[in-house]
Amino acid sequence: MLNLLLVLCATVLNGVFGANILFATVLPSPSHHIWHEAIVEGLLKNGHNITLIGHEKPVIKSTNYTVLQLEIEDLLNDEAKAEFISSLQQPFLSVQFEMWEFTVELAKHDLDSPILTRLMEYPTDSFDILIYDMVVPHLLPLSDHFGMIPIVGTSPYGSNPMLAESFGHHFYTYFPNSALPYADDMSFLQRVENYMYYIITLGVKCYYSKTMNEVIQEKFGKDTSSIASYENRVGLLLSNYDPILDFPEPVPPQIIPVGGVNARPAKKLPQDIKEILDNSKDGVIFFSLGTNMDLSFWSMDTIKTFLTAFSKLKQTILWKYIGDDLIGVPKNIIIRKWYPQNDILAHKNVKIFITHNGALSTHEAMYHGVPTVGIPFFMDQINNAKKMETKGLGRSVDFHTLTAEILYKTIDEVLQNPMYKQNMKRLSRQFRDRPETALERAVFWIEYALRHKDVSNLSTKGRYMSVYQRENLDVLVFLGLSMFIVIYVLFSISTWFADKAIFRRDKKVKQH
Ligand SMILES: *[C@@H]1O[C@H](CO)[C@@H](O)[C@H](O)[C@H]1NC(C)=O
Ligand SMILES: *[C@@H]1O[C@H](CO)[C@@H](O)[C@H](O)[C@H]1NC(C)=O
Ligand SMILES: *[C@@H]1O[C@H](CO)[C@@H](O)[C@H](O)[C@H]1NC(C)=O
């Protein structure tokens, strides 16, 4: 009875028990999906009912979790995917264009989907809040369709220059772009390059926003707001950033750092994997290049490089690889299509994690204190690899010039030098030393937005300022001009006096 009362009290007090949440994560990226499902899990635990629209298959099963899966195969088959991924290794400017072109195609495709039509046929009072992956904007008008519900944004891609501007995160102008291999203490020329990356990102976004607005208006009607005004309406942004795991940034109050929501204590390992880990005399090396960069995309020569390097190691290697069966695999390598990564990294016998340095993998390695050997390919992987080296948490190698010898030497160095492990363990303890976990923080702020609806007053005013105001360009021009005028006037006066003095002297000279 008392328990029931307490539950009732709690329900009335926080007033958001069992909310109906619409979750839209429309970027077809398995890693974004894993990150979002960590938040879904936290919300389910608090009794909420979640409807998610996206391209990925759900992993979590619950009566309170409905997934509307948008079809994608016709737009992005395996071949197109491999092509898209390799295009991401081109120069920065073309990558930006490539990504936006894809985003526009994706928008057209999704807005035509019968799955979206099905969602829009739900009663318009079905949802209390929209949680939205801000990387692709085309389903933001759903918040209007379902009765102007509040929006909480997410950024699994962390502090992203594309969102930095719309969320008042202007530190980006002096902070390394995640696609650059720089730490947070850049030299002058590095800052110049970094600033150009920032401007390119904004310029390309601006260029494509017009097209995107038209595509969106075609579906939702001519008077649909622009992407920019939707972005301004998003009260909070849950960002995959953490001051311990990443380089610290000054984060404004409208951005909630929830980096590492996916990293958590291990669940029980499958028996066979547990036995391998428990019984390994020399320890285990875990090797996975994440969901996008599987080595099955690469040539047999590349794979041989890895096999040769691994054959020189005493350790057991657990290798996540989705391609066809390989022949001539040394005995110490165990290849599977899938491993429970987070749970494996938590095992005490794991010595090293060989990773592509995606944000999720890097955060999980840090959470469990496992040093890394990074093989970054593109985007934030580049900066994450640099981060690991700068903080003394691991080393990285260049995939394009990689030889078996370099790979072996790098792995061996991280194995032999205890510094990497010690630094990792220290960082892991520091990350956990918090009043709440990243996931608890994410769920708290979503419920906060549910309770208060309009949280726009949390935002710094700088978020809505124009670039020239926020960068003080107008003030600098004003001060510069004022100074010029003052100096000019002073100079004129002094020459006038000087002239007069000379004139007087001249007159005196003449008189004598
Ligand atoms: C589903 O949500 C309802 C309320 O929305 C709650 O009472 C129920 O316990 C939830 N079920 C599960 C399995 O979480
Ligand atoms: C949960 O959401 C689904 C829509 O996806 C809806 O059909 C169902 O009635 C909701 N459940 C509750 C308990 O509100
Ligand atoms: C935000 O603050 C202004 C005053 O600064 C106030 O008028 C407005 O009602 C507040 N809005 C909300 C939603 O709290």
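Just so you know, ligand 1 is whichever comes first in the structure, and atom 1 is the first atom listed for that ligand. In this text, all values refer to a predicted model and were calculated from it rather than measured experimentally.
For Asn64, no heavy-atom contact with ligand 2 is shorter than 4.0 Å.
A salt bridge links Lys210 and Glu214; the closest N-O separation between the charged side-chain nitrogens and carboxylate oxygens is under 4.0 Å. A salt bridge is absent between Glu440 and Arg434: the closest approach of a Lys/Arg side-chain nitrogen to an acidic carboxylate oxygen does not fall below 4.0 angstrom.
Checking Ile50, Asn49, Leu119 against atom 13 (C) of ligand 2, the nearest heavy atom belongs to Asn49.
Atoms of ligand 2 found under 4.0 Å from any heavy atom of Asn20, numbered from 1 in the order shown, are 1 (C), 2 (O), 10 (C), 14 (O). Proximity to Thr51 (heavy-atom distance under 4.0 Å) selects the following atoms of ligand 2: 2 (O), 4 (C), 5 (O). Ligand 2 places these atoms under 4.0 Å from at least one heavy atom of Tyr122: 4 (C), 5 (O). The ligand atoms of ligand 3 that sit less than 4.0 angstrom from a heavy atom of Asp454 are 13 (C).
Taking the ring centre of Tyr182 as origin, the terminal cationic atom of Lys386 falls outside the region bounded by 6.0 Å and 45° from the ring axis.
Taking the six-membered ring where tryptophan is involved, the planes of Tyr174 and Phe171 are perpendicular, since the angle between them exceeds 60° and thus also 30°.
Note: Thr460 OG1 to Asn457 CG = 11.5 Å, rounded to the nearest 0.5 Å.
Taking a distance limit of 4.0 Å, we find that atom 2 (O) of ligand 3 is approached by some protein heavy atom. The nearest protein heavy atom to atom 7 (O) of ligand 3 is not closer than 4.0 Å.
Judged by distance alone, the side chains of His55 and Asp110 do bring a donor and an acceptor atom under 3.5 Å apart.
At the shortest separation from atom 4 (C) of ligand 3 among protein heavy atoms lies Asn457 ND2, 4.6 Å.
In this structure, Met196 places its CE atom where only 12 or fewer heavy-atom neighbours from other residues, nucleotides or ligands lie under 6.0 Å away.
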